[in-house]
Each structure stands twice: as structure tokens, then as C-alpha cells.
Amino acid sequence: MSEYVSLLSCSRNTRELGGIKTVNCGFTRNGVFWRSDTLGTLSAEDKEKLLSSGMTTIIDMRTEAEVKKAPDGTAELEGFDYHHFPITEGSGVPESLEAVPRSYMTIATAENMPKVMKTMAEAEGGVIFHCTAGKDRTGVVSAIILMACGAEEESIVSDYVVSREYNKERLAAFLAAHPEVNRETVLANEKSMRGFMKLFRERFGTVENYFEILGLTAAHADMIRQKLIGTDEFTEKLSAFLSDFGSGRTMVLSTSENDRVSSRMMSVVRIDDGFYFQTDTELRKYRQLSANKYAALCIDNIQIEGVCEETGRPVDRPDFCEVFRSCFKGSYDAYSGLENERLFVLRPAYIQRWVYSDGVPYIESFDIPARKYRFRKYSEYNNTYRGDSL
């Protein structure tokens, strides 16, 4: 059986907006927002599932013509709070793949979008928001919500792209009926979402600014954020640590192969929850990382252990180049464009920091996979707490 099965039998593309990774190593909550395509006639099981899950607020963003052709299955059912906010902007097929991000911006600034966002923020229970295929209008709303929650860009793109799997049959039928349409313009293509997010950031900067431009308030963005991620000690403390770390530092990178350990100072920048550095393919450091992906970064009172992944050449990652150039311009100018230079990211599994208060040493630690945080006096610290994160 395919893993791409809608949560409801009356639809093809109903899915959780939960379980998506955020930049501070947290995850969005399940049972808060569901994204969907058209909700047809609900089965008894569908209705019971929605009511028992608290998913009782429905936001239908289809046009009047779309609703008339296929009414929402919850519109007349008792127990549901149905809202029809037509988004006509961007509802047509763009003329090219390059035009999709601009089309998505028209959706983001649609006349009824403030009503959509306000309802999502103020709803007492869970919310299902949908359009026809659950890809474009629904994809734009999902991306904005996830950006408000600090979701990783890769996670947002993945959540968007997977619609192609849920919509395979629908897409095939549409293309058969419209052979003149370029398949790439209607497929959930990662370039479309990346392009939209780039335009969104260029125009609005932050989701809070976007909400204010819509005529809402930054508080509405925070209401959505609190619903979907809330705040726990681990998330709060890790976010504070990453903020303290800043954008870039010169750190010691320790790697090993065949019982041989080497350490070297490296220019390291942080992008979201990843620690990025570059090295030459001819150096021992590169050979060791290729043979053993486990490594550690150290500076002053901080140690970060994790798994390294090669991600290509530095110049192929504009986000890395922007941060690296601002933090280490000399290294960027001298090395980033070289043919043999390769970019690595270390994803932390365990972080430890020594903190001194009135001369008393404390150890602050983050077990990332287990999402456990500890702050203890050194004299009380239990080394068995860490376990074997790597």
C-alpha cells in the first residue's frame, strides 16, 4: 500500500501540518492544522475522526464556481464551523514554471487572505484549510504558517512537493484533458516554493510584517505560532543558545579515521540549526570526513558533536555564501570559489556548554535526538545522562 494516503476517505490530499522540523530542532504539533484538497461527502468514519480530533473549523478557499461544482462536505453538517473565503487570485494555471512564484505572491496578498489568517489564529479548535487540489492556495498558506513557526526551508519545500504524490491521479487526468498545459507548471515543483519564499522574504522580511501589511497584527502570527509549536524548555533554551552563538565563529573541528584524530581551526557559520564550513578535497580533513561522518566543533566553553554531510560546492549555496561572506570575507574571497572546495554541514546531536555563575561552574547540555535539556552544577553533573547520542 502507498504511504501517501489521505487522512480522510472523502479527499485525496488531507494531511497533518504537524511533525515538521523547525530551525531550533523542535517540531510542529499534530492535531492543530490540517491541509487538504476538496472535502467531498464525508463518510461516518470521516465525520467521527474529525469531531474526535477537534478538527471542526473548515476554511474553504475555492472560488464560487468551484464550490458550486463540488460543495464542501462539511458545509451543512452539524458540529462544524464552515467558512468560505474565495481566493480567486492565482487560481488559474500560470503561463510558465518561472511565473508560479509570482502567482503564489498574488495568493498571499489576496483580498480574502486576512480572513483566512485571522480565522486560523482565533479558532478555538483544530482547523482544516483547503482549496481544490490542496497544492497552490493551500500550499501558500501552509508555507506562511510554517515560516511563522521557524520551520526549516527544506521542510517547507518537502511539505509542498509531496502533494505531487497525493495528486498523481488528479494530475494525470488534468493533463490528459489539457494537453496544451506544461506539466511543470501544475506539478508541485520545489523551484516554485523556493521562488515564492524568496519573493516573500524580499517583500515582507518577516511573517509579522506580512500580517501587519494584511491589516492584521503581529499578535495574530504569534497566536498561530503558539498553537502549532508552543514553547517548551528544550525549545526555549536551545533557541537561546543558537542566538548566543550568532552567525559565525572560528572553531576547532575535530575529525578522525582509523584511530587517527586531527583538529584544525575552521571558519564556521550557522544557518538555522546547521553549522557549515568548507574544506579542500585534497586535505586530510576532507578524507577523514568522507570516511567517518562523526565530528565535533569546539570553541571556548562550547562543544558541539554531530554528523557531517557534504552538500556540494560553497558557491552552489547562495544562503551559505551570503552568511559566510559577511562573517569571513577574507576566507570567502580566497577559497569559496575554488574548484576543489567543498561545503559540509554538521547537524548537532549533542551540545555541551560550560557556564560560570559567581565562579561556580555549571554544565548546560542538549541531547538533540531525545530533546532533553539539563543545567547542573559541575559537582552534581551525571555523565551517564548523555547516553550515546552518536
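For the numbers below, each heavy atom of this structure counts, side chains included, while hydrogens, waters and symmetry mates do not.
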How many angstroms lie between atom [atom1] of [X] and atom [atom2] of [Y], to the nearest 0.5 angstrom?
{"X": "D273", "Y": "R347", "atom1": "CG", "atom2": "CZ", "answer": "5.5 Å"}
{"X": "D37", "Y": "R62", "atom1": "CG", "atom2": "CZ", "answer": "9.5 Å"}
{"X": "L8", "Y": "K47", "atom1": "CG", "atom2": "NZ", "answer": "14.0 Å"}
{"X": "T138", "Y": "L17", "atom1": "OG1", "atom2": "CG", "answer": "10.5 Å"}
{"X": "H84", "Y": "N112", "atom1": "NE2", "atom2": "CG", "answer": "8.5 Å"}
{"X": "C149", "Y": "D222", "atom1": "SG", "atom2": "CG", "answer": "9.5 Å"}

Legend entry - Test side-chain hydrogen bond (donor to acceptor under 3.5 Å, both in side chains) applied to Y286 - qualifying residues, sequence neighbours left out: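 Partners of Y286 by the side-chain hydrogen bond (donor to acceptor under 3.5 Å, both in side chains) criterion, ordered by chain and then number, come out as E310.
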Legend entry - Partner set under salt bridge (charged side-chain N to carboxylate O under 4.0 Å, His left out) for E190, not counting sequence neighbours: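 For E190 the salt bridge (charged side-chain N to carboxylate O under 4.0 Å, His left out) partners, ignoring immediate neighbours, are R194.
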Would you say that [X] contacts [Y] through its side chain, given a criterion of any heavy-atom pair below 4.5 Å between the two side chains?
{"X": "D60", "Y": "F85", "answer": "no"}
{"X": "R137", "Y": "H130", "answer": "no"}
{"X": "R35", "Y": "F129", "answer": "yes"}
{"X": "V268", "Y": "R249", "answer": "no"}
{"X": "V207", "Y": "I144", "answer": "yes"}

Legend entry - Within 6.0 angstrom of K115 NZ, more than 12 heavy atoms from elsewhere: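 It does not: K115 NZ has 12 such atoms or fewer within range.
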Legend entry - same_hphob_cluster(I302, I271) at 4.5 Å side-chain heavy-atom cutoff: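 Shared cluster, no.
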Legend entry - Linked, directly or transitively: V345 and F277 (ILVMFWY side chains, under 4.5 Å):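 No; tracing contacts between hydrophobic side chains, which count when under 4.5 Å, never links both residues.
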Centroid separation [X] to [Y] less than 6.0 Å:
{"X": "Y373", "Y": "F234", "answer": "no"}
{"X": "F328", "Y": "F324", "answer": "yes"}
{"X": "Y160", "Y": "F196", "answer": "no"}

Inset, instruction - Return the set of residues passing side chain to side chain contact (heavy atoms under 4.5 Å, CB included) with E45 (not counting sequence neighbours), or none when no residue passes. - result: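 Partners of E45 under the side chain to side chain contact (heavy atoms under 4.5 Å, CB included) test: S43.
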Inset, instruction - Classify the ring geometry between F245 and F275 as parallel (under 30°), tilted (30 to 60°) or perpendicular (over 60°). - result: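 Perpendicular, since the angle between the ring planes exceeds 60°.
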Inset, instruction - Give me the ring orientation class for F375 and Y362: parallel if the planes are under 30° apart, tilted from 30 to 60°, perpendicular past 60°. - result: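 Parallel, since the angle between the ring planes stays under 30°.
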Legend entry - Side-chain (D272) to main-chain (E152) donor-acceptor, under 3.5 angstrom: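 Here the side-chain-to-backbone pair does not exist.
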